[in-house]
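Please read the structure below before turning to the comments.
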Amino acid sequence: MNEGISTSPEEVNRLYEKLKREAESAGYHLNGDVGFAKSLIKGLLVNEQRYGYWSCPCRLASGDKEDDLDIICPCDYRDPDLNEHGACYCSLYVTRAVLNGERKVESIPERRLPPDERKKAKASKVADDVPSLSLPVWRCKVCGYLCAMNGPPEVCPICKAKKERFERFM
Ligand code: SF4
């Protein structure tokens, strides 16, 4: 049920063009089935209205942004899934081989841990134990980009993920 939520074809087209441009400029590719890609992008816009962020259109969000950070598109699992399966979990993003029809996308197993395991993994994440550096190093959880700055950049220059997707690496 889409309680008062609506998206126009123009909005979907605009976002499709934007994401396609950004993806290509960073070495990524949207699914070549434009209608399919746009249906997922519509899902992103619906989720933005529902939750306030681009929660993955193929996963159930909790509505708690902190808890859903890893599944805000592009999610933390996109790149490992592209490497291993040739596509992200939703197949919005695909590799060049898939785009060119040289590889088929099979079903992609869910890489995200169930909620209780995610909680445990977070809790057991050991505190950094590295020698002090003059500047902290920040890592983009989406694409792995690293930078040494006082704080994370507003937007990842590689994959365009927002600041909140960075973690302190050292
Ligand atoms: S990149 Fe991740 S969040 Fe975005 S559509 Fe693909 S699986 Fe969903």
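The figures that follow rest on heavy atoms only: side chains count, while hydrogens, waters and symmetry mates do not. Predicted model, so just to flag it, every value in this text is computed and none were measured. Index from 1, following the sequence. Both ligands and their constituent atoms are indexed starting at 1 by order of listing.
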Practice item. Show all protein N/O/S atoms under 2.8 Å from atom 4 (Fe) of ligand 1, or state that there are none. Key: Cys73 SG
Review point. With sequence neighbours left out, what residues match Lys65 under salt bridge (Lys or Arg N to Asp or Glu O under 4.0 Å)?
Key: Glu164
Taking only distance into account, with no hydrogens and no angle test, what donor-acceptor pairs under 3.5 Å do side-chain atoms of residues 80-88 form with protein atoms, sequence neighbours excluded?
| unit_1 | atom_1 | unit_2 | atom_2 | d |
| --- | --- | --- | --- | --- |
| Asp81 | OD1 | Arg111 | NE | 2.7 |
| Asp81 | OD1 | Arg111 | NH2 | 3.0 |
| Asn83 | ND2 | Asp79 | O | 3.4 |
| Glu84 | OE1 | Arg111 | NH2 | 3.0 |

Check your understanding: Any idea which heavy atoms bring Ala61 and Asp68 closest together, and the distance?
Key -> CB-OD2, 3.4 Å
Point to revise | Note: Arg165-Asp70 ion pair, threshold 4.0 Å (strictly below) | key: no
**Study point:** Minimum side-chain heavy-atom gap Arg78-Tyr28 below 4.5 Å
**Key:** yes
**Study point:** side-chain hydrogen bond (donor to acceptor under 3.5 Å, both in side chains) pairs, two or more places apart, involving residues 143-154
**Key:** Glu154-Lys163
